[in-house]
Visitor: 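Following this message is one structure expressed as structure tokens.
In what follows, chains carry the letters A, B, and so on, assigned in the order in which the sequence lines appear, proteins first and then strands, with residues in each chain numbered from 1. Computed from a predicted model, the values in this text were never measured in an experiment.
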2 protein chains.
Amino acid sequence: MTVSIKDVARVAGVSPATVSRVLGNGTVVSDALRAQVEAAVRKTGYRPNLSARRLRSRHSQTIGLIVADIRNPFFTAVGRAVEDIAYQAGLRVILCNTDENPEKEALYLRLMEEERVTGVIFAPTRQTVDRMTETPQSFPTVLIDRACHRSQEDAVVLDNHASAGMLVEHLHAQGYRRMIGLFGNASTTGIERHDGYIAAMTRFGLTPDAVFIPPTSEAAEAEVRRRIAEGVAARPDAVIASNGLLLMGVVRAVREAGLVIPGDLAVAGFDNERWTELVGPGITVIEQPVEAIGRTAMAMLLERLDTPDAPIRKVVLNGRCVVRGSTAARRTSRAV
Amino acid sequence: MTVSIKDVARVAGVSPATVSRVLGNGTVVSDALRAQVEAAVRKTGYRPNLSARRLRSRHSQTIGLIVADIRNPFFTAVGRAVEDIAYQAGLRVILCNTDENPEKEALYLRLMEEERVTGVIFAPTRQTVDRMTETPQSFPTVLIDRACHRSQEDAVVLDNHASAGMLVEHLHAQGYRRMIGLFGNASTTGIERHDGYIAAMTRFGLTPDAVFIPPTSEAAEAEVRRRIAEGVAARPDAVIASNGLLLMGVVRAVREAGLVIPGDLAVAGFDNERWTELVGPGITVIEQPVEAIGRTAMAMLLERLDTPDAPIRKVVLNGRCVVRGSTAARRTSRAV
DNA sequence: GATGTTTGTGAAATCGTTTTCATTGATAAA
DNA sequence: TTTATCAATGAAAACGATTTCACAAACATC
């Protein structure tokens with residue numbers, strides 16, 4: 001039925017080995033035979049069977065990309081960059097969505113073993129980051145977005161601590177004093193951004209007011225709605241959200257309450273998603289170099305495959321503060 | 001090195017065939033042996049080699065998902081739905097981004113053959129839709145988002161013609177008369193929505209004013225900027241954009257020109273992306289049932305695998321018109 | 001008691017490649 | 001001339017699983 005390398009060999013009048021050599025590895029084949037084989041391939045419409053090739057050659061030419069949810073624009077952008085480079089390098093990508101669920105993470109890591117992937121790019125939850133130091137994988141891993149100091153894997157992350165500090169600093173310079181912080185509770189980024197927020201607030205002699213919530217816009221919306229309902233006196237003058245999902249929830253809650261950004265409440269957060277430019281006066285955000293993160297992660301993975309014993313590297317990229325109207329200078333009449 | 005089914009068999013004191021039976025197919029194995037095998041699997045840390053399994057069993061348990069760009073929220077949402085169902089059904093998904101490039105489409109279709117996928121879900125460009133009727137694939141295909149009447153594949157699409165008509169109708173009812181249309185030039189959806197727009201405009205006795213542009217927000221932005229620069233007299237009173245990408249470009253151009261939505265220009269379009277709810281007075285859009293599209297496509301593919309000879313089906317889903325402030329009733333003082 | 005039938009198991013073939021190893025003829029070196 | 005080296009090729013093994021086939025034991029039927 002389906003045409004195999006033997007059929008090609010028969011048509012070309014050579015051995016299967018020779019066909020294989022023409023197709024794949026760079027071994028020398030005489031020009032005459034090479035031409036015969038190529039003709040036979042065209043004539044038969046032969047397509048190599050990648051499963052057979054992987055089995056025999058013992059490399060899968062496949063990497064895994066495990067993220068929380070591809071619908072999150074951050075992961076979408078990173079993922080697209082990863083895929084582009086992977087396909088260029090002749091690698092297949094297996095994409096997995098964990099929904100920040102450690103069980104799914106474990107499931108997919110097992111799947112990666114069964115696929116015999118050559119490597120994995122992984123944005124793990126806090127729980128799994130910790131567990132990975134104990135049970136090493138059978139493949140090299142590059143962590144993205146999330147990692148910790150003691151993780152034994154290559155990683156490429158944002159300077160979360162400094163970036164959160166930049167937001168606090170900016171808001172402070174604009175005259176805000178009562179900035180509250182909403183942080184995702186599933187990832188290490190939430191913690192690091194939280195710590196950066198606390199440190200900066202403390203540095204300015206301000207009272208931190210931070211809360212960890214599930215990483216959904218609904219949770220952020222509910223939290224902000226609650227804070228607004230507490231009344232004007234208790235109300236913060238600015239909100240910082242630790243990622244794009246939360247940020248959207250914040251904006252929704254503010255709009256719904258009929259408040260004005262930044263007059264009633266300033267808003268800032270992480271992830272320069274395209275809508276942040278278009279909403280109200282524009283939302284001030286920390287822009288992550290999403291393509292660079294994807295490209296760097298792939299580059300690190302490829303280098304690791306080349307030199308498995310090189311020392312473990314952790315690349316920290318800087319965020320860029322994109323200032324927009326949502327954090328315009330506070331009106332002095334209302335200043336504390 | 002890596003532990004194979006033979007190792008497990010040796011440890012369990014049975015034949016490899018028995019191990020295979022315990023692991024995989026539902027053939028009967030005595031309880032005693034089953035327990036021994038399971039113990040041996042645990043003890044050895046055995047992981048099946050999926051390449052070997054695929055080669056021998058001759059089904060890849062893999063489907064392809066070929067879309068223009070996973071960063072487009074429409075495809076992201078559809079893709080996520082597809083992946084969820086696929087993984088549930090024990091199928092792997094290979095994701096490919098074509099960037100609306102027919103050459104990449106051809107490349108990836110060839111890749112699908114080499115992977116021996118069991119099926120493909122595909123959002124093709126116009127060119128490839130046409131070419132596919134000529135050269136049938138070696139695997140069943142479900143087209144999504146894009147198809148044409150004569151395509152010989154299952155398909156699940158939006159009722160583009162009617163949906164575009166709904167937008168025109170709504171704008172007309174709100175008092176708008178000079179609605180221009182921006183349509184993507186790479187896909188059949190652009191054409192169908194264009195035709196629906198023309199039909200509805202004609203029905204109302206209005207002069208259609210439509211343009212096909214590349215499917216990027218930059219192209220839309222440039223086009224609208226150009227139209228605005230032509231001066232108030234020539235200016236349309238409403239803009240319809242045939243997808244979320246174009247819609248974003250439209251909004252950017254309008255904001256940049258300092259015009260007010262809908263006072264100076266009403267805006268409506270396709271794709272209920274989350275930002276459309278938050279921008280200005282909210283943007284009126286046709287919401288596509290994105291999850292349903294993904295789920296339906298997967299369901300159709302699975303059914304097709306079950307019954308290869310069933311007649312070809314084309315499922316047409318309705319869009320929902322989400323009315324927001326961007327198309328509020330036209331002020332009568334300015335009515336034509 | 002003789003003869004099917006069913007059930008559980010293992011030996012061996014097989015999937016479609018790549019890789020190892022042997023062979024051949026040609027060329028270089030002694 | 002003889003021997004060593006090399007390049008090009010084919011035969012056969014191997015990759016790690018599933019599947020086919022054969023067989024024995026247990027059971028049912030007449």
Visitor: Quick check on DNA chain C: between B/S57 and B/V29, whose nearest nucleotide comes earlier from the 5' end?
Guide: B/V29
Visitor: Do B/T125 and B/E105 meet the criterion of a side-chain donor-acceptor pair at a distance under 3.5 Å?
Guide: yes
Visitor: In terms of heavy-atom contacts, does CD of A/E114 have more than 12 from other residues, nucleotides or ligands at under 6.0 Å?
Guide: yes
Visitor: Whether A/D154 and A/K314 form a salt bridge (side-chain N of Lys/Arg under 4.0 Å from carboxylate O of Asp/Glu) is what I want to check.
Guide: no
Visitor: Determine, stepwise, if the pair A/I66 / A/V120 fulfils side-chain contact (heavy atoms from CB on, under 4.5 Å).
Guide: CA-CA 7 Å; A/I66 308 180; A/V120 163; 4.0 Å; yes
Visitor: Is B/R110 paired with B/E115 through a side-chain N to carboxylate O contact shorter than 4.0 Å?
Guide: no
Visitor: Specify the angle, to 10°, made by the local axes at the two ends of the helix from C/dG1-D/dC30 to C/dA30-D/dT1 when five pairs are taken at each end.
Guide: 40°
Visitor: Answer yes or no: is there an ion pair linking B/D7 with B/K43, defined by an N-O contact shorter than 4.0 Å?
Guide: no
Visitor: Once you round to the nearest 0.5 Å, how far does CD1 of A/I5 lie from CZ of A/R47?
Guide: 14.0 Å
Visitor: Under 3.5 Å, which protein N or O atoms sit close to an N or O of nucleotides 10-13 of chain C? Give each pair with its distance.
Guide:
residue, atom, partner, partner atom, Å
C/dG10, OP2, B/S15, N, 3.1
C/dG10, OP2, B/S15, OG, 3.2
C/dG10, OP2, B/T18, OG1, 2.4
C/dG10, N7, B/R21, NH2, 2.6
C/dG10, O6, B/R21, NH2, 3.4

Visitor: Students should find this one: the first and last nucleotides of DNA chain D, 5' to 3', lying under 4.0 Å from a heavy atom of chain B. What are they?
Guide: D/dG16 to D/dT20
Visitor: Quick one: closest heavy-atom pair of B/P311 and B/R304, and the distance?
Guide: O-NH2, 3.2 Å
Visitor: Between C1' on C/dG16 and CG on A/L50, what's the gap in Å once rounded to a whole number?
Guide: 11 Å
Visitor: Please classify the nucleic acid contact of B/R34 as base, sugar-phosphate, or nothing, using heavy-atom distances under 4.0 Å.
Guide: nothing
Visitor: Have B/N97 and A/E83 got a donor and an acceptor in their side chains that come within less than 3.5 Å?
Guide: yes
Visitor: To the nearest Å, how far apart are A/L55 CG and C/dT18 C1'?
Guide: 10 Å
Visitor: Would a line drawn from the ring center of A/F122 to the ring center of A/Y108 be shorter than 6.0 Å?
Guide: no
Visitor: Give one of base, sugar-phosphate or nothing for B/S4, where a contact means two heavy atoms less than 4.0 Å apart.
Guide: sugar-phosphate
Visitor: Starting from C1' on C/dT19, measure out to CZ on A/R58 and report it in whole angstrom.
Guide: 12 Å
Visitor: Mind checking B/V19 for me? I need base, sugar-phosphate or nothing, with any heavy atom below 4.0 Å counting as a touch.
Guide: nothing
Visitor: Taking only Lys NZ, Arg NE, NH1 and NH2, and the carboxylate oxygens of Asp or Glu, determine whether A/R126 and A/D130 approach each other closer than 4.0 Å.
Guide: no
